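First up is the structure itself, then whatever we jot down about it.
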Amino acid sequence: MSSVRPARPEAQGAGSTRARYRRILRFAGWNLAVTWWYELFLPRIGLQRVADRTRSKRMRRFAQRFHGLAVELGGLMIKVGQFMSSRLDVLPPEITAELEGLQDEVPPVSFSAIRELAEAELGVPLGQAFAQVDETPVAAASLGQAHRARLAPADAADTGLDGVVIKVQRPGIGAIVDVDLAALRKVGGWLSRVRLVSDRVDMPALVEEFATTSLDEIDYLHEAANAERFAEQFAGDARVAVPEVVWERTTRRVLTLQDVTAIKITDTDALDAAGIDPAQVAPVFASVMFDQLFTNGFFHADPHPGNIFVTPVAPVTAAASPAPDAPDAPGAPDTRPWKLTFIDFGMMGEVPSSTRSGLRKLLIAAASRDGRGLVDAMRDVGVLLPTAETTELEKAMTHLFARFGGMGFAELREVDPREFRDFAAQFGDVVRSLPFQLPENFLLIIRAMSLTSGVCSALDPEFNLWDSVEPYAAQLLRDERGNVVQDLAKQAVEIAGIALRLPKRVDALLDRIDDGTVEVRSPRLEQRVASLDRTARRVVSAILFGALLISGAVLHPGEPVFGIVLMALSVLPLLHALFAGRRRR
C-alpha cells in the first residue's frame, strides 16, 4: 500500500465540526472588518491614500491566508478558492495568482479509506469488481479522489472497455459539506446587510444556488447522467470527446468512467511535443464553450485545466476530409489531429431558453460594439432591472466600446492606468447608481465564462476573446435573420393563400347579401351584450345612490328636510343596483 499523507478534514471527528464552522466564520468576519476599515471608513475621513497604498499587500496577504485555510480544511473551501481564482475580470491578480494552485493542490486520502468506502458502496471486494486498481491516485479533488483501474474480464467483455478511472467520494465529505454550507449561509447573511452588496446581488439566493450545485456534485449518479447527456449533446461533433460511463460499477458515491487521460489543456510543452499548436486550441475551446452556453443551454460549469484534455487522434483521411473552404462547424468532419476531451460533469449548468435568448443578444451587441443594444440585452437577461433609467449607461457603454472594444487582456494591460481612472471618474457614479443585480443561475454562467477566458489566455498569451466572439456572434445573427426570414416567408405563403381565396368568397358573400339570405346571429354574443347592458344599468344606479346619499348628508345641517328626502330617495337606486338582473338569471 502506498504511503500518502491523509487530508486533515477526513481525520476530524464529528465533535470538530463546530470548530470548523467557527474557524470559517472567524476568517470571514476578520477580513470583512479589515475591508470595511480600509475601503469604506478610511476614505470617508480623508485617508484614501492609505487605503490605496496598502491595497496590493492586503490583497496578497488575504489570498495567502485563504489558500492555507482552504488546503487545510478542504471541502467547499477549495471550491470557493477555485471560483475566486477564475475571476480574472473582477479580482486583482494578487488574489487570482495566489489561488490558482488550488485547481490541483488537494492532499489525497489514504487508499485504505478509499477501499473501505468503495467496497461498501459496490457490495463486493475491489479485487472482485476490478482486475487491478492503482493505489496511487491519478487526481485528488476537493470532494472526491480518482484511481486508475482495469475492469474485470466479464465487465470488460460487456462494455468493450479495459482501462477505467474510479472516482470515489472523500470519506466524511457529506458532513463537511453541510458544515461549510452552514458557514457560507451565515456569511451570506452578513453580506446581505451591506447595502453595497444587497443592492447588487441576493446573497442568500446565491449561496443556495452554490449549495444546490455542491450537493449535486457529490451525487455521482447525477454526474453520470450529466456525462451521458453531454455526450449526446456533442454526438458526431469532431471537436469533442466524452468518457463512457460504466453503470455496472457506479453508485451514488462511486463513479466508474472510461480512462480518457491525455494532455492537460494548459500543458503547452506537452502540446508542442505532440505537434499541436496551443494557439490553435484556444479558439476551438472557446467555440465549444460558446455552443454550450448560447446554443445548447446545458454547459460544463467547471472547465478548469484539470477537467479538459487535448487528445491526439489519427488524422482524417483525404476521402473523409471536408472541402478546403468548408466551414468548421459542429458535427462537420474535422481535419485537425486532436479533439477536446471533457471530464468531471458534477458541476453542470442549465440556461433557460429566455435567458439564453438574452445572452445571445448580449453577445451580438458586444461583438457589434452596440452600446444601446448591450444595455437592452442586459435588461432582457435580468442583470439590469426593467425600471432603470439607462440613457447615461448607454453613453458609458458606447464610450467604452469606442476606446477599449476589441482589446484582449494583453492589450488592456498596456493601457495607461490613468485612462481607466478617467473613465471611472466620468461614468463611475452612473454605473454605481443603477440597479444592477445578479440573476438566478448566473453564478455558474459567470464561472464558466471566466474559466474559458483564463484557459484561452494560458494557451495563448496574445489570445483575444473578441476574435472568437465576433465570428460566433455573426453566425448567431445570421441564424436569427434566417429564422426571421423563414417566419416571414411562412406568413407570406399563408397570406397569399388567403388572398387567392378571398375574391371568390367575397363574391359569394355579396350575392347572398343581394338575395337577402344573409343572417348574422350569435346567441352567445347577444347574451354577452345583454349582460353588459344590465351591468351598466346597475353601475349607473350605484353611482346615483352615492350621489344622492352624499348630497343629502352635505345638505342636512342647513336644510334638514331636503337632506333627509335626498337620503331617503337614495334607497331606490341602491335597491336597483343590488337586485336588478337577478330575476333574469
Side-chain angles (χ1 to χ4, degrees), residues 2 4 103-104 106 108-109 111 114-115 117-119 121-122 124-170 217 220-232 234-235 237-251 253-267 270-271 273-274 276 281 300 302-314 337-348:
S2 63
V4 293
Q103 304 289 8
D104 300 308
V106 184
V109 181
F111 184 71
I114 291 293
R115 177 191 292 275
L117 189 150
E119 291 182 345
E121 281 290 302
L122 297 174
V124 295
L126 277 186
Q128 181 178 335
F130 299 94
Q132 182 267 332
V133 179
D134 188 352
E135 296 185 6
T136 302
V138 65
S142 55
L143 305 180
Q145 187 164 299
H147 292 257
R148 282 197 177 92
R150 289 177 51 243
L151 288 176
D155 289 336
D158 289 342
T159 61
L161 302 175
D162 180 33
V164 294
V165 171
I166 312 168
K167 185 175 176 181
V168 183
Q169 199 177 95
R170 294 175 81 92
E217 199 170 354
Y220 288 165
L221 291 175
H222 186 265
E223 179 175 346
N226 284 341
E228 291 205 334
R229 179 179 174 186
F230 191 86
E232 291 174 2
F234 285 98
D237 192 326
R239 302 171 299 170
V240 178
V242 181
E244 293 184 34
V245 178
V246 182
W247 285 100
E248 295 82 359
R249 298 301 178 202
T250 295
T251 69
R253 297 198 291 174
V254 175
L255 174 63
T256 304
L257 296 166
Q258 175 189 8
D259 187 359
V260 292
T261 307
I263 303 171
K264 183 177 174 180
I265 190 170
T266 52
D267 189 346
L271 290 173
I276 300 171
V281 176
H300 199 300
D302 196 21
H304 68 73
N307 285 340
I308 305 147
F309 297 120
V310 177
T311 306
V313 296
W338 53 268
K339 58 177 60 181
L340 297 171
T341 301
F342 286 76
I343 63 170
D344 194 352
F345 301 94
M347 188 184 294
M348 302 295 291

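Small disclaimer: the values here were computed from a predicted structure and weren't measured. Here, residue 1 is the first one in the sequence, and each next residue gets the next number.
- E119 places no side-chain N or O within 3.5 Å of a backbone atom of P125 that could act as its donor or acceptor partner.
- Residues passing the side-chain contact (heavy atoms from CB on, under 4.5 Å) test with A224, sequence neighbours excluded: V245, W247, T250, L255.
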Are R249 and V124 close enough, and set up right, to give a side-chain contact (heavy atoms from CB on, under 4.5 Å), and what steps lead you there?
CA-CA 10 Å; R249 298 301 178 202; V124 295; 4.2 Å; yes
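- The closest side-chain heavy-atom distance from E121 to Q169 is not below 4.5 Å.
- Between F230 and F342, the ring planes lie tilted relative to each other; the angle falls in the 30° to 60° range.
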Identify every side-chain donor-acceptor pair in residues 143-152 under 3.5 Å, counting partners at least two apart or on other chains, and give the distances.
| residue | atom | partner | partner atom | Å |
| --- | --- | --- | --- | --- |
| Q145 | OE1 | V109 | N | 2.6 |
| Q145 | NE2 | V109 | O | 3.1 |
| Q145 | NE2 | H147 | NE2 | 3.1 |
| H147 | ND1 | D134 | O | 2.9 |
| H147 | ND1 | E135 | O | 3.4 |
| R148 | NE | D259 | OD2 | 3.1 |
| R148 | NH2 | T261 | OG1 | 3.3 |

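- Taking 4.5 Å as the limit, every side-chain heavy atom of F309 sits out of range of all side-chain heavy atoms of P243.
- By the 4.5 Å heavy-atom criterion applied to side chains, F111 and V133 are counted as neighbours.
- Panel note: side chain N226, backbone M348; no donor-acceptor pair is recorded below 3.5 Å.
- Within the 4.5 Å cutoff, the side chain of V281 has heavy atoms near those of the W338 side chain.
- Closest approach of L122 to F130, counting heavy atoms only: CD1-CE1, 4.0 Å.
- Side-chain contact between P312 and I263 is present, with at least one heavy-atom pair separated by less than 4.5 Å.
- Proximity of F234 to L340: side-chain heavy atoms (C-beta onward) are nowhere separated by under 4.5 Å.
- Between D155 and A129 the shortest heavy-atom distance is OD2-O, 3.9 Å.
- Interatomic distance, T256 OG1 to L161 CG, rounded to the nearest 0.5 Å: 10.5 Å.
- In terms of heavy atoms, L126 sits closest to A118 at CD2-CB, 4.0 Å.
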How far apart are the C-alpha atoms of I343 and L257, what are their side-chain angles, what is the distance that settles it, and do they pass the side-chain contact (heavy atoms from CB on, under 4.5 Å) test?
CA-CA 9 Å; I343 63 170; L257 296 166; 5.9 Å; no
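- Considering only heavy atoms from C-beta on, D344 comes within 4.5 Å of E223 through its side chain.
- Note that CG of L221 and OG1 of T251 are 6.5 Å apart. Values are rounded to the nearest 0.5 Å.
- Rounded to the nearest 0.5 angstrom, K264 NZ and N307 CG are separated by 10.0 Å.
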